[in-house]
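Chain naming here is simple, since letters A, B, ... match the order of the sequence lines and numbering starts at 1 in each. Only this structure's heavy atoms are used, side chains among them; waters, hydrogens and symmetry mates stay out.
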Number of protein chains: 2
Amino acid sequence: MVTKQLNASTDEADLTRADSLAREIFSDVANKWAFLIIESLGAGTLRFSELRDKVEGISHKMLTQNLRMLERNGLVDRKVHPTVPPRVEYTLTEPGQALRATVDGMCDWTHRFFGHIEASRHRFDG
Amino acid sequence: MVTKQLNASTDEADLTRADSLAREIFSDVANKWAFLIIESLGAGTLRFSELRDKVEGISHKMLTQNLRMLERNGLVDRKVHPTVPPRVEYTLTEPGQALRATVDGMCDWTHRFFGHIEASRHRFDG
DNA sequence: CAGTATCCAATCCGATACTG
DNA sequence: CAGTATCGGATTGGATACTG
């Protein structure tokens with residue numbers, strides 16, 4: 001389980017609660033859109049529309065939905081400028097930046113084993 | 001995009017193809033069940049039923065589905081022992097092991113920022 | 001034991017329309 | 001511009017039954 005090393009509490013019930021919460025966080029964040037958004041925000045602050053352009057293929061709806069989720073979990077900071085038309089900027093927080101390292105790692109992994117994976121798919125499919 | 005550093009080819013069409021393939025791999029693998037399976041296989045080889053017990057909450061169907069996907073992408077090796085009843089063992093390949101480092105990173109991240117995230121959620125929900 | 005196939009509910013997600 | 005709400009089709013995923 002994700003929290004097997006989280007042993008601050010010795011209370012059984014608390015451990016279970018913490019466990020399910022950790023699992024929830026994990027399930028929230030471990031999805032492709034969240035990862036691609038985090039990757040895009042890595043370079044710095046972006047507006048909603050800039051993000052939509054940068055994360056190719058994402059729909060308006062998925063972008064808002066995932067941004068809310070990331071904001072709720074404290075990975076991105078949402079700053080609204082009270083201008084007209086409104087300007088909303090998204091920035092990675094410290095936890096968000098920390099997770100970016102992981103996401104970067106996965107991108108590197110994709111490049112590194114690209115050929116290997118492609119070959120494996122051919123073998124499997126044929 | 002995920003493959004922005006993948007520049008072995010100078011051909012535009014190939015780059016596009018590689019890009020979409022990289023995105024496909026990324027989308028395949030960046031999901032919670034795949035991550036939890038990889039994490040579970042980190043300690044070593046496991047049978048199908050052992051995996052189902054270890055990855056709590058996963059259904060029979062999701063486990064087979066994700067194992068096939070991981071096998072296709074060359075992250076896990078599937079070894080069938082022709083006994084009766086059958087014995088099937090799953091092991092991480094080199095690319096699988098490499099990705100495990102990334103997944104481990106995410107687990108560490110969850111523990112490290114657990115309190116931060118919990119607090120952020122409270123702030124957001126209230 | 002491991003795996004496939006099927007059914008059906010839950011959810012995901014895109015398109016569209018509407019608001020401040 | 002950024003966001004919410006809604007609808008309906010597509011996909012996901014669990015439960016169950018069946019096979020070698």
Side-chain angles (χ1 to χ4, degrees), chain A residues 20 23-38 40-41 44-73 75-92 123-125, chain B residues 20 23-38 40-41 44-73 75-92 123-125:
Chain A
S20 80
R23 180 60 158 275
E24 210 183 297
I25 296 166
F26 198 87
S27 303
D28 265 10
V29 178
N31 89 59
K32 67 166 178 169
W33 291 130
F35 271 33
L36 291 169
I37 290 169
I38 290 168
S40 291
L41 284 177
T45 299
L46 286 177
R47 304 180 56 169
F48 182 87
S49 48
E50 292 171 332
L51 262 174
R52 199 185 41 213
D53 293 344
K54 199 157 183 177
V55 182
E56 44 183 304
I58 199 168
S59 69
H60 188 110
K61 186 178 176 178
M62 280 303 96
L63 185 54
T64 9
Q65 216 166 83
N66 277 277
L67 281 173
R68 284 307 154 273
M69 179 274 287
L70 291 173
E71 187 192 357
R72 182 168 111 95
N73 288 315
L75 278 81
V76 307
D77 180 61
R78 178 170 176 269
K79 168 134 197 183
V80 183
H81 295 81
T83 58
V84 45
R87 174 185 190 85
V88 182
E89 292 181 330
Y90 293 92
T91 313
L92 287 184
R123 229 176 302 121
F124 189 94
D125 294 341
Chain B
S20 79
R23 178 63 159 272
E24 210 183 298
I25 296 167
F26 198 87
S27 302
D28 265 12
V29 179
N31 89 59
K32 66 168 180 168
W33 291 129
F35 272 32
L36 291 169
I37 290 170
I38 290 168
S40 291
L41 285 178
T45 298
L46 287 178
R47 306 179 55 167
F48 183 86
S49 47
E50 291 171 331
L51 263 174
R52 200 186 40 213
D53 292 344
K54 198 157 184 177
V55 181
E56 44 183 302
I58 199 167
S59 68
H60 189 112
K61 185 179 178 179
M62 281 303 96
L63 184 54
T64 10
Q65 214 166 85
N66 277 278
L67 281 173
R68 284 306 155 273
M69 179 274 289
L70 291 172
E71 186 191 359
R72 183 168 109 95
N73 287 314
L75 278 82
V76 307
D77 179 63
R78 177 168 176 272
K79 169 135 196 182
V80 183
H81 294 82
T83 57
V84 46
R87 174 184 191 86
V88 183
E89 292 180 330
Y90 294 93
T91 314
L92 287 183
R123 230 175 299 120
F124 189 94
D125 294 341

- request: Check for a donor-acceptor pair, side chain of A:Arg23 on one end and backbone N or O of B:Glu56 on the other, with a separation under 3.5 Å.
  value: yes

- prompt: Given pairs defined as Watson-Crick or G-U wobble with both distances under 3.5 Å, what dot-bracket annotation applies to DNA chain D, with ( ) intrastrand, [ ] crossing, | other strand and . unpaired?
  reply: ||||||||||||||||||||

query: Is there side-chain contact between A:Leu67 and A:Leu51, with at least one heavy-atom pair below 4.5 Å?
result: yes

- prompt: So, B:Glu89 and B:Arg87, do they make that salt bridge, N to O below 4.0 Å?
  reply: yes

- prompt: Which nucleotide span of DNA chain D, 5' end to 3' end, has atoms closer than 4.0 Å to non-hydrogen atoms of chain B?
  reply: D:dG13 to D:dG20

Minimum-distance pair of heavy atoms, taken over all atoms of A:Ala30 and A:Phe35: CA-CE1, 4.0 Å

query: Looking at NZ of A:Lys32 and CD of B:Glu24, how far apart are the two atoms once the value is rounded to the nearest 0.5 Å?
result: 10.0 Å

field: Nucleic acid contacts of residues 58-72 of chain A, taken as heavy-atom distances under 4.0 Å to DNA chain C
entry: A:Ser59, A:Lys61, A:Met62

task: Classify the angle between the aromatic ring planes of B:Tyr90 and B:Phe48 as parallel (below 30°), tilted (30 to 60°) or perpendicular (above 60°).
output: tilted

- request: Report yes or no: does B:Glu71 contribute a side-chain atom to a donor-acceptor pair with the main-chain N or O of B:Arg68 at less than 3.5 Å?
  value: no

task: Specify the closest pair of heavy atoms between B:Arg47 and B:Pro86, including all atoms of both residues, with the distance to one decimal.
output: NH2-O, 3.7 Å

query: How about B:Leu46 and B:Lys54: do any of their side-chain heavy atoms sit closer than 4.5 Å?
result: yes

task: Tell me what B:Arg78 touches on the nucleic acid: a base, only sugar-phosphate, or nothing, going by heavy atoms under 4.0 Å.
output: sugar-phosphate

task: Indicate whether any N or O donor in one side chain lies under 3.5 Å from an N or O acceptor in the other, for A:Asn31 and B:Asn31.
output: no

